[in-house]
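Shown next, in structure tokens, is the structure this report addresses.
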Amino acid sequence: MGVFLLSSPAFLVFFTFFTFCLLVDPVFGITRHYKFDVKLHNVTRLCHTRSIVSVNGQFPGPRIVAREGDQLLVEVVNHVPNNVSIHWHGIRQLRSGWADGPEYVTQCPIQTGQSYVYNFTIIGQRGTLFWHAHISWLRATLYGPIIILPKRGVPYPFAKPYKEVPIVFGEWFNADPEAVISQALQTGGGPNVSDAYTINGLPGPLYNCSAKDTFKLKVKPGKSYLLRLVNAALNDELFFSIANHTLTVVDVDAVYVKPFETETFLITPGQTTNVILKTKPSYPNATFFMTARPYVTGQGTFDNSTVAGILEYESPPNSLHSSIMLPLFKPILPALNDTSFATKFGSKLRSLASAQYPANVPQKVDKHFFFTVGLGTSPCQHNQTYQGPNGTKFAASVNNVSFAMPNTALLQAHFFGQSNGVYIPDFPSTAMTPFNYTGSPPNNTMVSNGTKVLVLPFNTSVELVMQDTSILGAESHPLHLHGFNFFIVGQGFGNFDPNKDPAKFNLIDPVERNTVGVPSGGWVAIRFLADNPGVWFMHCHLEVHTSWGLKMAWIVLDGELPTQKLLPPPTDLPKC
């Protein structure tokens with residue numbers, strides 16, 4: 001009877017259907033394979049042609065599309081002279097820290113002629129993230145969007161859009177960005193700024209020689225479009241607006257938020273924002289600029305220019321509109337230093353905090369930390385004179401420690417118990433020398449240097465206050481934490497007051513993110529649960545500040561259960 005059952009057509013149909021269900025299981029997802037060939041190819045922008053590092057000959061790079069619960073296997077093959085590593089920005093990487101990507105933190109870089117398969121599963125996330133190089137300034141051209149759809153059969157918590165469109169902001173340099181930062185580090189001064197901002201790799205008509213290199217979003221009247229926005233720019237927070245249109249924010253950093261309408265929004269490097277664009281009910285007889293320009297709080301030079309794309313409506317059938325020069329409307333963006341707008345916009349962001357999408361804010365705190373973040377200086381060596389303040393070198397630090405990159409990957413050293421000579425587990429949990437952080441800066445602006453990490457037991461609930469300082473000028477710093485999302489429970493201006501400010505924390509529906517702007521001349525408080533074993537980088541996502549040392553690393557120890565332990569390294573993990 002058993003043999004008959006196994007060989008019967010009815011069983012084979014059932015078995016085939018069952019196998020199919022396993023392959024497309026709505027709970028566990030499927031396995032998706034991608035191959036990234038990192039190569040050089042020529043790109044022309046601003047009438048300037050140069051060889052860039054790219055993936056599969058695309059700029060920006062290819063989009064990755066997956067569903068929540070899917071496993072991704074991305075083979076990265078390095079065909080260029082540069083060392084390469086790829087970071088999957090915002091992916092939690094639960095127990096898969098070997099796939100996180102920052103060079104010398106979770107892996108040694110992929111050397112010329114070598115390859116590495118990044119293997120990770122998307123757990124509990126849906127929305128927009130992005131991937132980018134995580135070594136030197138290669139991410140200037142090595143980046144692309146990650147589109148995470150809900151599990152099959154699970155709807156959005158908003159009306160299904162007619163169409164979805166990724167919009168990725170970037171920065172274009174006529175010079176080689178690697179040469180730009182190399183020169184800055186040698187001279188000790190600030191790096192040259194970019195020559196243009198881009199939308200999906202295109203600078204748009206407000207730049208010389210760029211009318212043909214303009215992103216155009218073609219829409220139909222009476223439809224809703226989900227715009228998936230990513231700020232992949234190297235060094236600039238950006239204001240963005242579409243003329244005569246209102247946007248509804250529905251998701252940030254792959255986390256749903258309570259929807260709210262806005263005509264303009266702010267997005268820092270490392271952040272993503274999903275917005276609904278509802279087009280006008282009928283053909284408007286006009287076209288509309290969609291523009292972005294920087295939000296600037298620091299005292300250094302910056303790219304003071306504007307990138308523009310064009311929103312075009314499809315003309316009605318059998319109309320003459322397509323042959324008529326239509327009026328072009330331009331949006332009004334906030335002033336370059338409009339911190340008031342930045343603060344008000346951030347205060348509108350709230351987690352959905354529903355039964356299906358709860359805000360699991362840690363209500364009790366096991367460990368409190370206070371980090372100062374800001375710029376500083378390093379002394380001259382061998383009687384040299386540098387181009388930084390008073391002949392010194394520019395530097396940046398967290399708690400006055402400017403992070404020194406090791407020559408061995410931190411995760412590898414941690415996993416195999418070989419930390420001696422690689423890192424020291426004594427990163428300060430609070431500012432070593434308290435001062436009036438947002439008042440007159442101290443006379444001594446020198447930073448210390450070291451490869452110091454902070455160790456957390458598994459499942460520690462953490463509250464971290466990050467305080468901007470006025471050393472070399474107050475400035476907004478978009479801090480990105482790898483391996484975790486966190487809740488922004490409070491923020492303010494001036495110095496954080498541990499006796500008064502916590503009473504104003506939002507522990508009900510704070511927004512959940514992976515990158516937060518520490519306010520210029522202010523502070524931000526975040527909470528997260530250290531439930532992901534491994535070594536996790538935290539750094540400013542203004543690339544120049546990361547290059548100067550505004551970065552640190554957390555080590556989260558294994559838990560007691562097998563499901564609370566970091567998986568062993570893959571066999572193809574790159575060697576140093």
Side-chain angles (χ1 to χ4, degrees), residues 105 361-376 395-406 410-411 413-414 419 422-438 442 444 446-469 471 477 479-492 494-502 505 507 514 516 518-519 522-540 545-546 549-559:
V105 177
V361 189
Q363 297 297 310
K364 69 175 186 67
V365 174
D366 297 321
K367 294 202 174 185
H368 294 262
F369 300 97
F370 180 83
F371 289 178
T372 57
V373 295
L375 305 185
S397 67
V398 181
N399 275 352
N400 207 47
V401 178
S402 187
F403 191 83
M405 294 301 293
L410 298 178
L411 183 58
H414 162 65
S419 63
V422 180
Y423 65 82
I424 302 173
D426 67 347
F427 188 88
S429 60
T430 190
M432 300 297 290
T433 306
F435 63 98
N436 183 4
Y437 306 111
T438 55
N444 182 7
M446 296 293 178
V447 302
S448 64
N449 295 276
T451 310
K452 298 186 175 186
V453 303
L454 207 157
V455 180
L456 294 172
F458 183 80
N459 257 358
T460 301
S461 59
V462 173
E463 180 179 288
L464 167 63
V465 175
M466 291 180 282
Q467 171 76 58
D468 182 38
T469 74
I471 299 176
H477 297 279
L479 264 291
H480 171 52
L481 175 60
H482 291 227
F484 300 93
N485 282 352
F486 50 75
F487 294 94
I488 304 172
V489 297
Q491 59 183 5
N495 298 334
F496 174 73
D497 186 334
N499 296 316
K500 296 180 180 179
D501 288 325
F505 285 178
L507 303 181
N514 62 61
V516 60
V518 179
W523 56 270
V524 66
I526 66 173
R527 288 188 181 185
F528 66 94
L529 184 66
D531 60 353
N532 194 8
V535 178
W536 304 110
F537 209 27
M538 191 176 80
H539 60 95
C540 183
H545 292 173
T546 301
L550 209 166
K551 49 197 173 186
M552 57 84 65
W554 305 79
I555 292 181
V556 178
L557 303 176
D558 283 346

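When a residue number appears, it is its place in the shown sequence, counting from 1.
A 4.5 Å side-chain heavy-atom check between Met466 and Val516 finds at least one atom pair inside the cut-off. Here the side chains of Pro425 and Leu454 are not in contact, with every heavy-atom distance at 4.5 Å or above. With contacts defined as side-chain heavy-atom distances shorter than 4.5 Å, the pair Pro519/Val524 qualifies. Between Ser429 and Lys367, every side-chain heavy-atom pair lies at or beyond the 4.5 Å cut-off. Put simply, the side chain of Asn532 does not reach to within 4.5 Å of the side chain of Phe458, judged on heavy atoms. Side-chain contact between Ile526 and Val489: absent, with no pair of heavy atoms (C-beta onward) separated by less than 4.5 Å. Using a 4.5 Å heavy-atom cutoff, the side chains of Pro406 and Phe403 are in contact. The shortest side-chain heavy-atom distance between Ile471 and Leu375 does not fall under the 4.5 Å cut-off.
Side chain of Asn495 to main chain of Thr438: a donor-acceptor pair is present (N/O by atom type, distance under 3.5 Å, no hydrogens or angles). Under the 3.5 Å distance criterion, the side-chain polar atoms of Arg527 are left unmatched by any main-chain donor or acceptor of Val462. Checking side-chain atoms of Asp468 against main-chain N and O of Trp523 turns up no donor-acceptor pair under 3.5 Å. Judged purely by atom type and a 3.5 angstrom limit, Gln363 uses its side chain to pair as donor or acceptor with the backbone of Val361. A donor-acceptor pair under 3.5 Å links the side-chain atoms of Asn444 to the main chain of Met446, judged by distance alone. Between the side chain of Gln467 and the backbone N or O of Phe496 there is at least one donor-acceptor pair closer than 3.5 Å. Checked by atom type and distance alone, the side chain of Thr451 pairs as donor or acceptor with a backbone atom of Ala404 at under 3.5 Å.
Residues Phe487 and Pro362 approach most closely at CD1-CD, 4.1 Å, considering heavy atoms. The two residues Val465 and Ala525 have their closest heavy-atom pair at CG2-CB, 4.0 Å. Nearest heavy atoms, Ala530 versus Leu456: CB-CD1, 3.9 Å. Summarising the geometry of Asn399 relative to Pro428, their closest heavy-atom pair is ND2-O, 3.0 Å, with the distance given to 0.1 Å. Contact detail for Gly376 and Val447: the closest heavy-atom pair is CA-CG1, 4.0 Å. Nearest heavy-atom pair across Pro434 and Ala431 is CD-O, 4.2 Å.
In this structure, Leu410 CG and Phe537 CZ are separated by 8.0 Å, a value rounded to the nearest 0.5 Å. In this structure, Met552 CE and Leu479 CG are separated by 10.0 Å, a value rounded to the nearest 0.5 Å. Note that CZ of Phe486 and CD1 of Ile488 are 5.5 Å apart. Values are rounded to the nearest 0.5 Å. Of the inter-residue distances, the one linking Glu463 atom CD with Lys364 atom NZ reads 12.5 Å to the nearest 0.5 angstrom. Considering NE2 of His480 and OG1 of Thr546, their distance stands at 10.0 Å, rounded to 0.5 Å. Taken from OG in Ser402 to CG in Leu550, the straight-line distance is 8.0 Å, to the nearest 0.5 Å.
Checked against the 6.0 Å centroid criterion, the rings of Phe427 and Phe371 qualify as a close aromatic pair. Taking the centre of each ring, Phe369 and Trp554 come in below the 6.0 Å mark. Checked against the 6.0 Å centroid threshold, Phe370 and Tyr437 count as a close aromatic pair.
Within a 6.0 Å radius of CE in Met405, more than 12 heavy atoms belonging to other residues, nucleotides or ligands are found.
Judged by distance alone, the side chains of His477 and His545 do bring a donor and an acceptor atom under 3.5 Å apart.
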Derivation of the side-chain contact (heavy atoms from CB on, under 4.5 Å) call for Ile424 and Val453 = CA-CA 6 Å; Ile424 302 173; Val453 303; over 6 Å; no
Take Val373 and Met538, measure what side-chain contact (heavy atoms from CB on, under 4.5 Å) needs, and give me the verdict at the end.
-> CA-CA 12 Å; Val373 295; Met538 191 176 80; over 6 Å; no
Would you check, one step at a time, whether the test side chain to side chain donor-acceptor pair (under 3.5 Å) holds for Ser461 with Asp366?
-> CA-CA 5 Å; Ser461 59; Asp366 297 321; 3.0 Å; yes
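Here the rule is side-chain contact (heavy atoms from CB on, under 4.5 Å) with Phe484, and of Val556, Leu529, Asn514 only Val556 fits it.
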